[in-house]
Amino acid sequence: METIILGIESSCDDTSASIFKNNTILSNVIANQNVHKEYGGVVPELASRAHQQNIVPVVHKAIKDAGIKPENIKAVAFTRGPGLMGSLLVGTSFAKGFALAGKIPLIEVDHLHAHVMVHFIKEEGVNKEMPDFPFLCLMVSGGNSQIILMHSYLEMEIIGQTIDDAAGEAFDKCGKVMGLPYPAGPIIDKLAENGNPNAFKFNKPKIKNLDYSFSGLKTSFLYFIRDQLKENPDFISQNINDLAAAIQKTIVEILMEKLIKASRKTGINTIALAGGVSANSALRKALINYADEENKKIFIPKLSYTTDNAAMIAITAYYKYLKKEFAPYDLPPYARNK
Ligand code: KG4
């Protein structure tokens with residue numbers, strides 16, 4: 001049976017629409033919002049307005065790129081949360097309207113679950129291996145840092161998570177202290193290529209179980225820079241590459257230590273990465289090295305699937321469609337984790 005699904009993602013500052021035929025991607029259109037750059041972070045009010053402007057043209061383009069007709073679409077899926085409420089409402093309301101007009105089922109998708117599901121996206125003509133269940137996934141983004149145990153396509157268990165800031169926030173906030181624009185994560189990654197990761201040492205948090213904490217690191221980085229600037233006003237510019245490499249190394253070590261602990265504790269040897277921070281080259285390398293040394297099976301997403309996109313919403317929706325997990329029209333979005 002051929003099932004065509006339209007997925008919509010509007011949880012933060014990217015408006016995206018994607019068309020799938022079963023588990024195969026036909027199109028994935030993303031409109032980024034540049035309005036936030038000058039504010040050093042996402043401005044919720046501006047994000048909602050930009051989603052309103054983008055949503056219709058983005059969906060049109062996704063349908064056109066996929067080479068299908070709107071009437072071929074069998075279900076429409078949307079990100080229900082977590083995210084910015086004003087942003088989520090745009091995608092949610094659009095999806096409800098589209099479902100009502102086309103008399104097709106509506107499917108709600110959790111954004112974090114969807115990030116993990118990128119590992120099941122099939123591309124035409126590409127023979128890609130997919131993880132077997134159960135597997136562990138380190139889901140690291142600007143808003144979340146979690147170790148997820150995936151029992152099946154639709155059953156996930158969060159076995160560790162941040163108790164304060166997310167890993168992406170740690171990158172972005174430390175970058176801000178160094179005067180880097182938002183989002184600083186990818187810039188730190190680039191600067192670190194020419195830096196010495198051992199030039200500076202930052203303390204790692206001592207948190208129990210499989211949970212993370214990044215707020216202490218951010219504060220100690222801030223105080224360290226403040227003290228150094230008192231001695232030398234050019235400290236940042238003279239050491240920017242080393243600072244980037246050292247903070248990146250610390251964040252990656254914190255992430256890897258708990259991930260390794262999770263694998264030992266659960267006995268699960270299949271490990272995946274997902275989310276915006278999974279684009280980080282040092283994190284990718286650290287996981288590859290660990291897999292080589294300890295004989296683990298790993299899954300690292302394509303760069304284009306690390307950031308927010310609607311392809312991940314559509315693939316998750318496909319598996320919900322197979323189980324007929326449809327959403328009612330009165331379902332509200334949620335801003336925080338379920
Ligand atoms: O998943 P995502 O696109 O958005 C959500 O938070 O939902 O993640 C964005 C986060 C930002 O904090 C950004 O700085 C970080 O991912 N990021 C990176 C890299 N690319 C994106 N952090 C470190 N290294 C990167 N290469």
Side-chain angles (χ1 to χ4, degrees), residues 9-16 28 30-33 36-37 40-42 44 47 51 79-85 87-88 91 109-118 137-146 148 161-162 164-178 180-193 195 197 212 214-215 217-218 221 243-256 272-287 300-313 333-337:
E9 153 65 29
S10 72
S11 64
C12 189
D13 60 338
D14 294 317
T15 320
S16 181
N28 184 37
I30 304 175
N32 304 115
Q33 302 181 357
H36 309 285
K37 278 221 159 69
V42 177
H51 281 306
T79 306
R80 189 178 165 208
L84 301 170
M85 186 46 85
S87 292
L88 290 165
V109 173
D110 178 80
H111 184 82
L112 308 175
H113 179 199
H115 265 300
V116 183
M117 291 296 286
V118 296
C137 185
L138 176 66
M139 217 302 293
V140 268
S141 70
N144 289 276
S145 298
Q146 300 180 325
I148 296 172
Q161 62 188 323
T162 183
D164 42 55
D165 289 351
E169 256 177 302
F171 272 106
D172 296 337
K173 288 179 176 170
C174 291
K176 199 170 177 190
V177 172
M178 293 190 281
L180 301 176
Y182 174 87
I187 307 170
I188 290 179
D189 195 350
K190 198 100 206 94
L191 292 169
E193 283 172 17
Y212 290 114
F214 289 99
S215 70
L217 177 66
K218 170 196 71 186
F221 186 76
L243 284 167
I247 197 70
Q248 173 171 278
K249 179 180 181 228
T250 313
I251 296 171
V252 169
E253 280 179 0
I254 295 171
L255 290 172
M256 285 303 298
L273 290 183
V277 181
S278 72
N280 184 264
S281 59
L283 178 61
R284 289 170 168 241
K285 258 183 234 145
L287 186 63
I300 296 180
K302 257 171 86 166
L303 280 179
S304 55
Y305 293 148
T306 60
T307 47
D308 291 347
N309 64 84
M312 66 188 199
I313 305 304
Y334 47 82
R336 295 186 178 279
N337 289 357

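From a predicted model like this one, the values you see are computed outputs, not experimental measurements. Every number for a ligand or one of its atoms is a count from 1 in the order of the listing.
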NZ of K302 to CG of N309: how many Å apart, nearest 0.5 Å? 10.5 Å
Nearest non-hydrogen protein atom to atom 22 (N) of ligand 1, with distance, is G185 CA, 3.4 Å
Polar atom proximity, G275 to ligand 1 (N or O, under 3.5 Å): no
Do any nitrogen or oxygen atoms of A184 come within less than 3.5 Å of a nitrogen or oxygen of ligand 1? no
Look at ligand 1 and say whether Q248 reaches it with a heavy atom at a distance under 4.0 Å. no
Verdict with reasoning, M256 to L287, per side-chain contact (heavy atoms from CB on, under 4.5 Å): CA-CA 7 Å; M256 285 303 298; L287 186 63; 4.0 Å; yes
How long is the straight-line distance from CG of L243 back to CD1 of I188, given to the nearest 0.5 Å? 9.5 Å
Looking only at protein heavy atoms, which one is nearest to atom 24 (N) of ligand 1, and what is the separation? N280 ND2, 3.0 Å
Taking heavy atoms and a distance under 4.0 Å, where does D172 meet ligand 1: side chain, backbone, both or neither? side chain
Can you sort out which atoms of ligand 1 are near G168, meaning under 4.0 Å from one of its heavy atoms? 12 (O)
Protein heavy atom at shortest distance from atom 19 (C) of ligand 1: P186 N, 3.7 Å
Near H111 (heavy-atom distance under 4.0 Å), the atoms of ligand 1 are 7 (O)
Give yes or no for whether the N/O distance cutoff of 3.5 Å, strictly under, is met between E169 and ligand 1. no
D189 side chain to S281 main-chain N or O, any donor-acceptor pair under 3.5 Å? yes
Looking at ligand 1, is there an atom of it that comes within less than 4.0 Å of some heavy atom belonging to G143? yes
Examine distances only and state if a side-chain atom of Q33 and a backbone atom of A47 form a donor-acceptor pair shorter than 3.5 Å. yes
Residue selection (non-hydrogen contact nearest atom 9 (C) of ligand 1) among A167, G142, G83: G142
Short side-chain to backbone donor-acceptor contact, N144 and A166, under 3.5 Å: no
May I ask whether H115 has any heavy atom positioned less than 4.0 angstrom from an atom of ligand 1? yes
Donor-acceptor pair, distance only, cut-off 3.5 Å: does the side chain of D13 make one with the backbone of V42? no
Pull out every atom of ligand 1 sitting under 4.0 Å from any heavy atom of D189, numbered as shown with elements. 24 (N), 25 (C), 26 (N)
Heavy-atom closest pair (Q146 atom, I148 atom, distance to 0.1 Å) is OE1-CD1, 3.6 Å
Of all heavy-atom pairs linking S16 and A310, the shortest is OG-N, 2.9 Å
Give yes or no for whether the N/O distance cutoff of 3.5 Å, strictly under, is met between P183 and ligand 1. no
Got I247 and L217 here, is their nearest side-chain heavy-atom distance under 4.5 Å? yes
Is a side-chain N or O of H115 found less than 3.5 angstrom from the main chain of D308, in a donor-acceptor match? no
Top protein contact for atom 1 (O) of ligand 1, by heavy-atom distance: G276 N, 3.0 Å
Does only the side chain of V277 get under 4.0 Å from ligand 1, or the backbone, or both, or neither? Count heavy atoms. both
